[in-house]
Asks: 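Just passing along the structure, written as structure tokens.
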Amino acid sequence: MPGYRSVSSFGNWCAGNSSTGLVAWKKPEPDRRAKEAGHIYVRNPRLEYNTPDINQIHGVSYLFTGWVLMKIEKSQSGRPYTGRSSAERPSSGGRRPTGKPQSDRQSERAPRSSGKGMEGSQDREEYVWVLDYLPYGKSVDGTSAYQKKPLVQAVGDKKFTLMELVPKVGVIPDIQSRVYIGPGDRDEIDHVKQRIGYTDLTTGANLELPFILEAVVRHKEERFVKFFNDAHSITTRLHMLELLPGIGKKLMWSIIDERKKGEFKSFQDIRERIPSLHDPAKVISHRIEEELKDDFIKYRLFTTPPRRQGSSGR
């Protein structure tokens, strides 16, 4: 029964009918100002209303089609615009955005992140150090022992990412060994299974972690000596050097004053010029361990924030 609406909804546009509780919805006329501005009322098939109050009374569903006020547009020929034909209307039923063509708008959008872009160029590990080898995988999987595959827990030497790896068939990587997991041929690792957190490490991996972190820092000595040379203020009251365990204001200023005389060349050079800093490698490895243990630590100097676990498939 198109053309009807309840009395409470349209006021002056409707004429009441007390016998049915329905009212006739008449086509309105634009006032003088609307006519002068070039507006007309046209039927809008998308302006549809349902009246649950009438449904409850009569048990019948009524659908109403309304009128909307539109401005008359003229084409290049000077004739009024009468609307698009059915072929020109969008098939989705929604409004098509005006302005540039969709292909142009799409090209202006920022490229979607694949989830691998930034990690692939900067943070992706190419070498890891083996923390533990599990010949039958994890015992918490709920899988039968004969169905389980060997598993390796390891830590990367670039961003110290903790991860689980699947070794190649018949290969048993040595604990504390450095293995390649980057693109191309791999000698020992078949693929990376997933990234894990500190709480996912086995007891053996937990015991090995401090020693391996120190070994990684000594192996990458040039990188961490550069940290002592380049460390700067984070805020007006906090310096990056103060985030290292055992370094307070006094020792921080000793390091800053000493590096002004010349850059540090090695860990040995740091120890000789700053006697109160006994072992720079251990200081840094302890900081790395703190960052791995605390998922919510505020400042990260050497690690990346933890991520939701998921199969990597690398």
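All values below were derived from every heavy atom in this structure, side-chain atoms included, with hydrogens, water molecules and symmetry-related copies excluded. Predicted, not measured: the structure shown is a model, and the values here were computed from it.
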Asks: Are any of the side-chain heavy atoms of R195 and T161 separated by less than 4.5 Å?
Replies: yes
Asks: So D279 and F267, side-chain contact (heavy atoms from CB on, under 4.5 Å) or not? Walk me through it.
Replies: CA-CA 8 Å; D279 195 339; F267 287 149; over 6 Å; no
Asks: Look only at the side chain of R287 and the backbone of P245, and say whether a donor-acceptor pair between them is shorter than 3.5 Å.
Replies: no
Asks: Would you mind checking if E125 and K158 are paired as a salt bridge, meaning a charged N to carboxylate O distance below 4.0 Å?
Replies: no
Asks: Answer yes or no: is there a donor N or O on one side and an acceptor on the other, between the side chain of E208 and the main chain of Q176, under 3.5 Å?
Replies: no
Asks: I want to check something: taking the side chain as every heavy atom from C-beta on, are D174 and Y133 in contact at a cut-off of under 4.5 Å?
Replies: no
Asks: Is any side-chain heavy atom of L131 less than 4.5 Å from a side-chain heavy atom of L162?
Replies: yes
Asks: Side chain of E214, backbone of F211: donor and acceptor closer than 3.5 Å?
Replies: no
Asks: Would you say the side-chain atoms of E188 pair up with the backbone N or O of V171, donor to acceptor, closer than 3.5 Å?
Replies: no
Asks: Considering all heavy atoms of both residues, which atom of M240 and which atom of I234 are nearest to each other, and what is their separation?
Replies: CG-CG1, 3.5 Å
Asks: Please name the pair of heavy atoms, one in V130 and one in I212, separated by the smallest distance, quoted to 0.1 Å.
Replies: O-CD1, 3.2 Å
Asks: Tell me whether the NZ or CZ atom of R186 lies within the 45° cone about the ring axis of Y180 and under 6.0 Å from its centre.
Replies: no
Asks: For S266 and D269, indicate whether the former's side chain and the latter's backbone hold a donor-acceptor pair under 3.5 Å.
Replies: yes
Asks: Evaluate the side-chain proximity of L301 to I288: yes if any heavy-atom separation is below 4.5 Å, no if none is.
Replies: no
Asks: Indicate yes or no: at least one non-hydrogen side-chain atom of E263 is less than 4.5 angstrom from one of R259.
Replies: no
Asks: So do L213 and F160 actually touch side chain to side chain, heavy atoms under 4.5 Å?
Replies: yes
Asks: Tell me every residue that passes salt bridge (Lys or Arg N to Asp or Glu O under 4.0 Å) with E221, counting only those two or more places apart in sequence or in another chain.
Replies: none
Asks: Examine I256 and I284 and state if one hydrophobic cluster contains both, with Ile, Leu, Val, Met, Phe, Trp and Tyr joined whenever side-chain heavy atoms are less than 4.5 Å apart.
Replies: yes
Asks: Would I196 end up clustered with I297 when hydrophobic side chains under 4.5 Å apart are linked, directly or stepwise?
Replies: no
Asks: Hey, does the side chain of N229 reach the backbone of F264 with a donor-acceptor pair shorter than 3.5 angstrom?
Replies: yes
Asks: Looking at K193 and L151, what are the two nearest heavy atoms and their distance?
Replies: CD-CD1, 3.8 Å
Asks: Indicate, with yes or no, if V152 and I172 share a hydrophobic cluster defined by side-chain heavy-atom contacts under 4.5 Å among Ile, Leu, Val, Met, Phe, Trp and Tyr.
Replies: yes
Asks: Looking at E291 and T303, would you say the former's side chain and the latter's main chain have a donor-acceptor pair under 3.5 Å?
Replies: yes
Asks: Would you say that L277 contacts I270 through its side chain, given a criterion of any heavy-atom pair below 4.5 Å between the two side chains?
Replies: yes
Asks: Under a 4.5 Å cut-off applied to non-hydrogen side-chain atoms, are K293 and T199 in contact?
Replies: no
Asks: If you look only at pairs with a residue in residues 215-236, which of them pass as a ring-ring contact (aromatic ring centres under 6.0 Å, His included), with sequence neighbours excluded?
Replies: W129-H219, F224-F302, F227-F302
Asks: Might you work through the side-chain contact (heavy atoms from CB on, under 4.5 Å) test for Y198 and L209, ending with a clear yes or no?
Replies: CA-CA 10 Å; Y198 180 83; L209 184 62; 3.6 Å; yes
Asks: Testing the basics here: between R223 and D157, what is the closest heavy-atom pair and its distance to 0.1 Å?
Replies: NH1-O, 3.4 Å
Asks: Do L238 and V283 belong to the same hydrophobic cluster, where Ile, Leu, Val, Met, Phe, Trp and Tyr are linked whenever their side-chain heavy atoms lie under 4.5 Å apart, directly or via other members?
Replies: yes
Asks: Do the side chain of R178 and the main chain of V128 share a donor and acceptor less than 3.5 angstrom apart?
Replies: no
Asks: Using side-chain hydrogen bond (donor to acceptor under 3.5 Å, both in side chains) as the criterion, list what pairs up with E290, not counting sequence neighbours.
Replies: none
Asks: I need the minimum non-hydrogen distance between L243 and Y299, along with the two atoms involved.
Replies: CD1-CB, 3.7 Å
Asks: Under a 4.0 Å threshold between the charged nitrogen and the carboxylate oxygen, would E164 count as salt-bridged to K138?
Replies: yes
Asks: So how far is it from L241 CG to I255 CD1, rounded to the nearest 0.5 Å?
Replies: 5.0 Å
Asks: Whether the side chain of R218 engages the backbone of A281 through a donor-acceptor N/O pair (distance < 3.5 Å, no angle test) should be reported.
Replies: no
Asks: What heavy-atom pair brings P173 and I189 nearest, and what distance separates the two atoms?
Replies: CG-CD1, 4.5 Å
